[in-house]
*Asks:* 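Would you mind keeping the following structure in view while I ask a few things?
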Amino acid sequence: MAQFWRPGSERPRATLVDDEEGGILFVSAPPPSSSSGFGHSSFDRLRQRLPVFKYRDAILYLVENHATAIIVGETGSGKTTQIPQYLKEAGWAEGGRVIACTQPRRLAVQSVASRVAEEMGVKIGEEVGYTIRFEDQTNPSVTAIKFLTDGVLIREMMDDPLLTKYSVIMVDEAHERSLSTDILLGLLKKIQRRRPELRIIISSATIEAKSMSNFFQPRKKNLDHAADVSLPSQSPAILSVEGKGYTVEIHYVEEPVPDYLQAAVDAVLSINDKEPAGDILVFLTGQDDIDAAVKLLRDNTQDDRRRSSGLLVLPLYSGLSRVDQDLIFAPTPRGKRKVVISTNIAETSLTLEGVVYVVDSGFSKQRFYNSISDIESLVVAPISKASARQRAGRAGRVRPGKCFRLYTEEYFLKEMPAEGIPEMQRSNLVSCVIQLKALGVDNILGFDWLASPPPEAMVRALEVLYSLGILDEDAKLTSPIGYQVAEIPLDPMISKMILSACNLGCSEEIITIAGVLSIQSIWVSARGAQKEVDEVKLRFAAAEGDHITFLNVYKGFIDSGKSSQWCYKNYINYQAMKKVVDVREQLSRLLRRLGLALKSCEKDTQILRKAIIAGFFANSCRLEEYSHNGQYKTIRSSQEVYIHPSSVLFRVNPKWVVYHSLVSTDKHYMRNVIAIDPSWLIDAAPHFYQLRTPNFAPH
DNA sequence: GAGCACTGC
């Protein structure tokens with residue numbers, strides 16, 4: 001089981017980049033090379049060791065003189081926490097103006113906000129505050145620096161389209177190219193034309209800042225027009241700054257590996273044999289791979305006590321219960337070496353301290369959307385260079401580390417794509433389209449995209465919104481339905497379902513269902529105890545299907561006094577149920593604001609199913625006449641589909657069903673299914689079925 | 001009788 005590792009030549013260090021367009025007289029020295037390393041310095045130590053004043057002056061110079069500044073900084077370069085403070089010191093938050101800083105994730109917003117508040121010696125929620133969904137820690141009269149998720153900032157634009165209260169908007173982690181980040185950047189570019197005094201800072205971890213810069217470069221004729229010297233330069237400035245992460249030595253395999261799972265296991269054993277103490281983080285693709293690798297490593301520990309008895313092997317993925325996830329953060333016992341086998345969750349969302357070795361399989365699961373079949377699927381695909389660097393960086397947080405890549409250096413250099421495909425180009429776009437419409441962007445196809453989504457996906461999204469009655473023939477939001485749907489922060493099909501329920505008189509129940517549908521799963525992932533889970537599920541099962549079953553679970557949870565013990569006994573995810581309660585509260589507040597009544601239909605499940613159909617009529621399926629294996633065909637496109645085994649209607653196989661979503665693995669499985677009467681489809685959407693399926697003949 | 005990378009409003 002010999003491993004032939006070859007240290008690579010890559011130096012993942014950023015360097016100073018001058019603006020090729022000219023115009024920047026900037027020569028600030030970045031922090032000293034990190035090989036001298038000073039891990040998690042306190043702010044004071046940082047201030048002592050880094051030429052902070054130069055960094056600060058450079059940032060302020062750029063922000064004074066350029067409408068847009070792009071800051072490329074490695075982990076620990078202080079861009080996230082320092083820049084907002086520099087701006088405040090320089091007076092950008094005076095006169096009631098606010099500095100906004102966005103992050104893609106809620107947890108990051110909270111932790112960055114509290115770090116900055118601590119450094120400034122102020123209480124969170126006053127001068128420094130944050131806003132995320134379900135939680136607003138700001139005080140409008142005193143908050144000067146506000147951290148928020150980019151999704152929340154887009155929502156704020158619905159009340160204040162030009163974001164007038166902000167003087168500077170800093171968009172962090174822009175290299176991740178999430179759906180919201182891309183939408184936000186497109187909208188900010190529009191705002192900037194109306195508000196030349198607004199400053200935008202885009203912060204990114206990768207050097208590929210050129211495309212961002214080109215995006216914010218005004219067209220030639222606008223450039224001539226804006227020759228006014230009192231205005232900042234319209235040409236974006238780029239600044240690159242080094243971080244304080246430790247060097248990570250990169251090793252590659254000599255030959256491509258036939259089986260990355262086995263190769264990862266071998267790599268862990270080899271590190272354990274040859275390398276000094278330090279925890280190991282392994283990146284694999286999903287739950288299956290991870291459970292298999294954990295088992296292989298634990299078996300090995302039993303077979304060969306001498307060799308790997310010091311290994312503490314732990315899986316990590318989002319489906320684990322909170323208790324199991326927290327095991328990862330417990331300190332490693334003396335004499336043990338922790339090995340965490342993880343999905344991409346450890347690449348950005350969770351940070352493990354104490355990791356010195358990273359094993360990178362070179363793959364991850366990625367979502368792709370096929371606009372022709374309207375199906376999203378998860379596919380194991382090669383990661384990008386940017387991801388590979390991010391993964392390697394996880395080994396250099398406490399001291400110099402090593403990253404073992406299970407692919408060749410030649411592959412890395414010549415074949416691996418520099419960046420991943422932006423989410424915008426591999427997603428269903430209904431939510432995105434309706435958000436832009438609500439913000440007055442009428443010509444969606446002509447919108448100034450950072451990366452244009454495929455036109456077919458766009459057309460498909462417009463079709464879906466039209467069929468739901470959210471857009472009219474001119475692709476304008478309908479009143480009141482379209483505007484109301486845009487106000488509800490959920491998938492438009494769910495929002496339409498809620499609005500119909502308000503008319504049908506079952507909104508109390510439907511917002512519970514909406515809450516459950518908008519989270520991943522209310523059941524815990526317990527493969528070892530599958531039989532028990534199924535038995536418990538039967539106690540809640542409703543003949544009408546999964547959505548009604550959710551109501552029974554929710555009732556049980558409320559009757560138990562929202563007890564975590566009750567959840568544990570019933571194999572229900574307590575965190576998920578708490579989130580359902582949060583979503584439900586948000587929705588009931590929103591409906592009241594929209595002047596819509598909350599009303600219960602008591603036990604009338606027919607009314608409930610009609611409300612569901614009002615949103616999901618496009619997802620209707622009919623059981624194949626002579627099917628012995630539960631095969632259905634979708635009415636819209638005759639796609640072959642099956643009821644997912646986790647559904648309460650699995651093997652019940654009612655003749656007509658409507659599903660919430662499809663999951664595509666070896667087959668297309670319908671998740672969350674209800675039994676319906678086909679005549680309800682015609683009542684709910686006569687236009688849709690006449691138009692799209694002329695042969696449709698219910699009986 | 002089988003599966004769920006990860007966010008977010």
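Below, chain A is the first sequence line, B the second, and so on; all start at residue 1.
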*Asks:* May I ask you to say what Gln520(A) touches in the nucleic acid, namely base, sugar-phosphate or nothing, with a heavy-atom cut-off under 4.0 Å?
*Replies:*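 Here Gln520(A) touches the bases of the nucleic acid.
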
*Asks:* What contact category does Ile132(A) fall into here, base, sugar-phosphate, or nothing, at under 4.0 angstrom with non-hydrogen atoms?
*Replies:*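 Sugar-phosphate, backbone atoms only, no base.
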
*Asks:* Nearest to the Gln287(A) side chain among dC4(B), dG3(B), dT7(B), which nucleotide is it?
*Replies:*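 My answer, after comparing the listed nucleotides, is dC4(B).
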
*Asks:* With DNA chain B as reference, determine whether Ile488(A) or Ser318(A) sits nearer its 5' end, using the nearest nucleotide of each.
*Replies:*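 Result: Ser318(A).
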
*Asks:* Taking the side chain of Ser349(A) as heavy atoms from C-beta outward, which of dT7(B), dG1(B), dC4(B) is closest to it?
*Replies:*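 Nearest to the side-chain atoms of Ser349(A), counting from C-beta on, is dT7(B).
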
*Asks:* Compute both the distance and the angle, then confirm whether Lys146(A) meets the cation-pi test with Tyr130(A): under 6.0 Å from the six-membered ring centre, within 45 degrees of the axis.
*Replies:*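 No cation-pi geometry.
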
*Asks:* What nucleic acid atoms does Ser180(A) come within less than 4.0 Å of, heavy atoms only: base, sugar-phosphate, or nothing?
*Replies:*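 Here Ser180(A) touches no strand at all.
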
*Asks:* Mind calculating the distance between CG (Leu179(A)) and C1' (dC6(B)) to the nearest angstrom?
*Replies:*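 Answer to the nearest Å: 13 Å.
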
*Asks:* Do the numbers put Arg671(A) on top of the ring of Tyr659(A), so that NZ or CZ is under 6.0 Å from the six-membered ring centre and no more than 45° off the axis?
*Replies:*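 Not satisfied by the 6.0 Å and 45° rule.
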
*Asks:* Where the side chain of Ile345(A) is concerned, which of dC9(B), dC6(B), dG1(B) is the nearest nucleotide?
*Replies:*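 The listed nucleotide nearest to Ile345(A)'s side chain is dC6(B).
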
*Asks:* CG of Leu517(A) versus P of dC9(B): gap in Å, rounded?
*Replies:*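 That distance rounds to 18 Å.
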
*Asks:* Regarding Asp534(A), tell me which of base, sugar-phosphate or nothing describes its non-hydrogen contacts under 4.0 Å with the strands shown.
*Replies:*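 Base contact.
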
*Asks:* Rounding to a whole Å, what distance do you find between Ile383(A):CD1 and dA5(B):P?
*Replies:*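 So the CD1-P distance, Ile383(A) to dA5(B), works out to 17 Å.
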
*Asks:* Could you tell me how far apart Leu436(A) (CG) and dC9(B) (P) are, to the nearest whole angstrom?
*Replies:*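 Distance, rounded to whole Å: 18 Å.
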
*Asks:* Assign Arg105(A) to base, sugar-phosphate, or nothing according to its heavy-atom contacts below 4.0 angstrom with the strands shown.
*Replies:*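 If one applies the 4.0 Å heavy-atom cut-off, Arg105(A) turns out to touch the sugar-phosphate alone, with no base involved.
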
*Asks:* Compare the minimum distances between each of dG3(B), dC4(B), dG8(B) and the side chain of Val663(A), then state the nucleotide with the smallest one.
*Replies:*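 Of the options given, the side chain of Val663(A) lies nearest dC4(B).
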
*Asks:* Can you see if the side chain of Thr149(A) gets near the phosphate of dT7(B) - specifically, an N or O under 4.0 Å from OP1 or OP2?
*Replies:*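 The answer is no; no side-chain N or O of Thr149(A) sits under 4.0 Å from OP1 or OP2.
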
*Asks:* Could you state the NE2-P distance from His668(A) to dG3(B), rounded to the nearest angstrom?
*Replies:*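 Rounding to the nearest Å, NE2 of His668(A) and P of dG3(B) are 13 Å apart.
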
*Asks:* Could you state the atom-to-atom distance from OH of Tyr369(A) to C1' of dC6(B) in whole Å?
*Replies:*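 In whole Å, dC6(B) C1' lies 20 Å from Tyr369(A) OH.
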
*Asks:* Using the side chain to side chain donor-acceptor pair (under 3.5 Å) rule, pick out the option among Glu347(A), Glu419(A), Glu176(A) that qualifies with Ser387(A).
*Replies:*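 Only one of Glu347(A), Glu419(A), Glu176(A) forms a side chain to side chain donor-acceptor pair (under 3.5 Å) with Ser387(A), namely Glu347(A).
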
*Asks:* Tell me whether the OP1 or OP2 atom of dC6(B) has a side-chain N or O from Thr343(A) closer than 4.0 Å.
*Replies:*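 For dC6(B), OP1/OP2 do have a side-chain N/O of Thr343(A) under 4.0 Å.
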
*Asks:* So Ser521(A), base contact, sugar-phosphate only, or nothing? Heavy-atom distance under 4.0 Å.
*Replies:*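 No contact.
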
*Asks:* For the backbone of Ile345(A) and the side chain of Thr343(A), can you confirm whether one donor and one acceptor N or O come within less than 3.5 Å of each other?
*Replies:*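 A pair under 3.5 Å: yes.
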
*Asks:* Knowing that exactly one of Thr149(A), Val152(A), Leu148(A) qualifies, which makes a side-chain contact (heavy atoms from CB on, under 4.5 Å) with Arg106(A)?
*Replies:*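 Of all the options given, the one that passes is Thr149(A).
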
*Asks:* Base, sugar-phosphate or nothing for Arg367(A)? Non-hydrogen atoms, less than 4.0 Å.
*Replies:*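 Here Arg367(A) touches the bases of the nucleic acid.
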
*Asks:* Whole angstrom is fine here: how far is it from CD1 in Ile643(A) over to P in dG3(B)?
*Replies:*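 Those two atoms, CD1 and P, are 16 Å apart.
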
*Asks:* Can you tell me how far P of dT7(B) sits from CG of Asn344(A), to the nearest Å?
*Replies:*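 Roughly 10 Å, once rounded to whole Å.
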
*Asks:* In terms of the angle between their ring planes, are His547(A) and His660(A) parallel, tilted or perpendicular, with boundaries placed at 30° and 60°?
*Replies:*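 The rings of His547(A) and His660(A) stand perpendicular, inter-plane angle above 60°.
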
*Asks:* Counting only side-chain heavy atoms from C-beta out, which of dC9(B), dG1(B), dC4(B) sits nearest to Pro489(A)?
*Replies:*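 Among the listed nucleotides, the one closest to the side chain of Pro489(A) is dC9(B).
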
